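Below is one structure, written out as structure tokens, with a few remarks after it.
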There are 2 protein chains.
Amino acid sequence: MAQDAPRRQPTLDQVAELAGVSRSVASRALNNAPHVSRLKREAVERAVRRLGYVPNSTARALATRQTGAAALVVSGEDPSIFADPFFAQVIVGASAALEEADLHLMLCLAASDRGRRRVEELLRSNGADGVMLMALREDDPLARMAEEATMPVVFGGRPVGAVPRWYVDVDNAGGAREATEYLISLGRTRVAALCGRLDTEAGRTRYRGYRDAMLAAGLDPFPPREGDFTESSGAAAMAALLTDRPDVDAVFAANDNMGVGALRVLRGAGRRVPDDVAVVGFDDLAVAQVSDPPLTTVHQPIQALGRETARMLAALVNGQNPTALILPTRLVVRASA
Amino acid sequence: MAQDAPRRQPTLDQVAELAGVSRSVASRALNNAPHVSRLKREAVERAVRRLGYVPNSTARALATRQTGAAALVVSGEDPSIFADPFFAQVIVGASAALEEADLHLMLCLAASDRGRRRVEELLRSNGADGVMLMALREDDPLARMAEEATMPVVFGGRPVGAVPRWYVDVDNAGGAREATEYLISLGRTRVAALCGRLDTEAGRTRYRGYRDAMLAAGLDPFPPREGDFTESSGAAAMAALLTDRPDVDAVFAANDNMGVGALRVLRGAGRRVPDDVAVVGFDDLAVAQVSDPPLTTVHQPIQALGRETARMLAALVNGQNPTALILPTRLVVRASA
DNA sequence: CCCGTGTCTGGAAGCGCTCCCATCCCCCGG
DNA sequence: CCGGGGGATGGGAGCGCTTCCAGACACGGG
């Protein structure tokens with residue numbers, strides 16, 4: 001164990017010495033570079049095995065200016081955000097893609113001031129080869145940091161207001177439109193929208209998709225009722241809606257959590273779902289399947305979001321020039337609409 | 001953006017030059033080391049600000065032999081394991097504790113061969129200052145790697161069979177015993193156990209706790225019925241149990257997922273819960289609250305597990321000598337028992 | 001007045017690796 | 001037989017930082 005034995009790992013010099021070659025040759029042999037005779041290459045390999053040599057990644061990083069790591073930075077104020085099923089899926093996708101690209105994954109939470117400082121330092125100290133940035137709010141200080149970063153940055157989900165050069169996003173507008181159109185196709189005419197935070201791009205864009213669909217159908221869009229993507233905010237918005245517009249016959253919720261909250265309030269108010277009020281959510285998380293009734297929702301490919309974001313970053317790190325990507329959504333019809 | 005401008009970050013030499021001091025002094029000033037006059041210290045600070053200097057973390061790492069990062073390695077064969085609510089919580093806890101210790105979090109999945117190779121390389125190349133190892137199976141190749149590692153290793157959950165020097169675990173035996181005792185205290189005498197994988201320490205130890213409680217009460221323990229901690233395996237085990245021992249009047253499930261699976265099968269078989277059969281789970285994940293009926297379960301402090309594991313690792317990295325830790329569990333009584 | 005003590009200071013030697021480049025050698029064509 | 005092309009080789013200069021150490025200087029007591 002580290003403590004007791006501060007004896008150091010073998011170095012490349014020792015390998016070279018044991019193999020009877022120079023350090024340059026040993027280095028080339030190790031990296032499968034040309035200009036090494038078969039004989040010496042084998043001698044080096046033997047020495048490596050005998051010594052149990054593994055190149056020191058820090059030294060290599062310093063010399064090559066490549067750390068071999070990519071950071072996934074998540075903004076937000078809740079330190080539990082990694083436990084959010086959404087981000088958990090993103091992590092799964094990103095982790096897989098980075099493994100393929102032989103990059104390590106660093107997870108950074110920019111929730112507290114301290115967290116943000118650490119992220120800024122990481123960005124500026126070249127502690128990683130690139131960064132994936134997610135869940136930026138309006139005026140998020142991370143946006144400025146990203147601009148000043150010296151390494152490639154890919155956004156997972158567009159930041160509010162800006163269209164960065166490299167991002168991967170889900171077709172929020174299209175998904176919202178499809179969901180709303182579906183509700184309209186069921187004959188509903190008083191379709192309300194329960195919005196997520198309007199200082200997030202997803203919150204805004206989903207409302208916009210809803211509004212576009214309503215206008216296109218010649219219906220009056222309801223004004224946005226803002227929540228914060230939580231179950232309780234969905235419930236609160238639904239309750240308020242029921243007071244203001246008791247005639248509502250359909251609800252498009254900005255995500256599944258809010259949709260489930262709406263379901264709960266509707267049930268409490270004695271409205272039948274979907275008979276009296278149809279409800280559609282967004283995300284297609286596990287909760288949508290176990291809710292009562294199961295939630296019709298817009299499925300978004302969350303793992304793919306993580307995967308493609310990571311792939312795009314890996315491409316940038318490798319000097320390629322990928323283009324921004326928008327992933328499709330898909331309506332999943334269940335019992336609630 | 002990285003691509004277009006390969007212009008390099010300012011270096012410490014440039015700071016020193018601008019401040020009119022030697023690199024040594026600049027370095028000391030930066031690290032708040034002694035032996036720097038007030039005057040020069042301020043000069044350095046000014047230069048740092050003017051240049052927007054941030055120390056290169058790789059170079060620092062090479063010189064200090066400290067990377068400033070800790071790795072969380074999760075074993076297992078399912079690449080989606082990070083999406084498991086259990087690990088998601090562990091990550092939340094670990095992330096918070098590492099932030100306090102000013103260590104970055106690297107997430108490593110040792111699922112595929114490739115993943116394991118990468119982990120091994122990380123362990124041996126000093127790519128991190130320490131490692132947290134979780135979810136090891138019996139004969140897990142990671143165990144050997146850990147022994148040979150030159151950096152501190154902390155186990156989150158004991159590996160099967162061995163008792164490592166440093167670990168944080170949950171009181172699986174105690175929790176299982178308490179759950180079983182509770183079922184017995186309800187007057188149940190034919191209490192069965194639905195086990196998790198018996199090649200994991202948690203699977204084994206929970207069964208042992210169950211058996212101990214049964215024996216202590218003078219009851220016959222049921223033989224273990226092995227599942228793999230999934231809902232469907234719980235359902236399957238419950239179905240088989242119902243065939244073999246239709247007289248069963250209580251079930252201790254190795255975790256909530258399996259407990260929920262058991263609930264489903266019991267409902268399908270027309271058994272009332274808890275009247276005919278009482279069910280207790282383990283974990284106290286969200287699913288236990290929304291199941292029908294809500295699941296009585298053994299709560300384990302998952303975030304704390306992650307937090308304490310990370311703290312212990314941070315202590316080791318800082319040259320301290322912490323001692324292994326077992327976190328308490330707590331029975332949460334709901335409707336299912 | 002001298003020397004010991006203590007604070008500052010900068011030179012220089014690493015940390016372990018990559019990679020440029022000068023050198024050397026072998027072989028082939030002229 | 002000689003010049004030249006090309007692969008193999010090792011020396012050495014970095015990468016950007018920390019840290020050891022020796023020297024410079026100031027101060028106070030004997």
Side-chain angles (χ1 to χ4, degrees), chain A residues 6-45 47-48 51-68 121-122 124-129 150-151, chain B residues 6-44 47-48 51-69 121-122 124-129 150-151:
Chain A
R7 105 178 144 285
R8 294 241 257 270
Q9 305 268 102
T11 71
L12 187 55
D13 284 290
Q14 297 174 35
V15 171
E17 190 179 351
L18 182 60
V21 303
S22 74
R23 197 187 349 155
S24 314
V25 170
S27 173
R28 261 174 261 140
L30 239 70
N31 297 308
N32 292 317
H35 304 305
V36 182
S37 66
R38 179 175 187 70
L39 221 66
K40 305 225 162 184
R41 195 178 291 271
E42 283 168 357
V44 170
E45 279 164 9
V48 163
L51 261 44
Y53 169 79
V54 176
N56 178 306
S57 54
T58 306
R60 177 173 282 182
L62 182 59
T64 60
R65 320 173 139 283
Q66 296 256 317
T67 64
E121 202 179 295
L122 184 76
R124 304 194 46 202
S125 72
N126 280 303
D129 294 342
T150 56
M151 61 185 83
Chain B
R7 106 179 143 285
R8 296 241 256 270
Q9 306 268 104
T11 72
L12 186 55
D13 283 292
Q14 297 174 34
V15 171
E17 190 180 350
L18 182 60
V21 303
S22 74
R23 194 178 352 144
S24 319
V25 170
S27 173
R28 265 175 257 138
L30 239 69
N31 298 308
N32 291 318
H35 304 305
V36 181
S37 65
R38 180 176 187 68
L39 222 66
K40 305 224 162 184
R41 195 178 291 270
E42 283 167 357
V44 169
V48 164
L51 261 45
Y53 170 79
V54 176
N56 177 307
S57 55
T58 306
R60 177 174 283 182
L62 181 58
T64 59
R65 320 172 141 285
Q66 296 256 320
T67 63
E121 201 179 294
L122 184 75
R124 306 193 45 204
S125 72
N126 281 304
D129 293 342
T150 55
M151 61 184 83

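None of the values given here were measured: they were computed from a predicted structure. The basis for the numbers below is simple: all heavy atoms, side chains too, and nothing from hydrogens, waters or symmetry mates. Here is how names work: the chains are called A, B, and so on, in the same order as the sequence lines, proteins then strands, and each is numbered from 1.
Side-chain N/O atoms of B:T11 include none lying less than 4.0 angstrom from OP1 or OP2 on D:dG16. For the OP1/OP2 pair of D:dG16 and a distance below 4.0 Å, the side-chain nitrogens and oxygens of A:R65 include at least one atom meeting the criterion. The phosphate of C:dT9 has OP1 or OP2 within less than 4.0 Å of a side-chain N or O from B:S37. For B:R8, a side-chain nitrogen or oxygen approaches OP1 or OP2 of D:dC15 to under 4.0 Å.
Taking atom CG on B:L12 and atom C1' on C:dC15, their separation rounds to 16 Å, with Å as the unit. Between B:Q14 atom CD and D:dC17 atom C1' there is a gap of 14 Å when expressed in whole angstrom units. At whole-Å resolution of the value, CG in B:D13 and P in C:dG10 are 13 Å apart. Atom CZ in B:R124 sits roughly 13 Å away from atom P in C:dC17 (whole-Å rounding). For the pair A:L62 CG and D:dC15 C1', the interatomic distance rounds to 4 Å; values are reported in whole Å. Rounded to whole Å, atom P of D:dC17 lies 12 Å from atom CD of A:E121. Look at CG on B:L39: it is 14 Å from C1' on C:dT9, rounded to the nearest Å.
A search for salt bridge (charged side-chain N to carboxylate O under 4.0 Å, His left out) contacts involving A:E17 returns nothing, not counting sequence neighbours.
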Summary of protein contacts for nucleotides 19-28 of chain C, nucleotide by nucleotide, where a base hit scores B, a sugar-phosphate-only hit scores S (4.0 Å, heavy atoms): B---------

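Taking the side chain of A:R60 as heavy atoms from C-beta on, and the options C:dC17, D:dG10, D:dG16, the nearest nucleotide is C:dC17.
In this structure, the helix from C:dC1-D:dG30 to C:dG30-D:dC1 shows an angle of 60° between the axis at its start and the axis at its end, each fitted on 5 base pairs and rounded to 10°.
Side-chain atoms of A:V44 and A:R41, non-hydrogen and from C-beta on, never get closer than 4.5 Å to each other.
Of the inter-residue distances, the one linking B:T150 atom OG1 with A:Q9 atom CD reads 4.0 Å to the nearest 0.5 angstrom.
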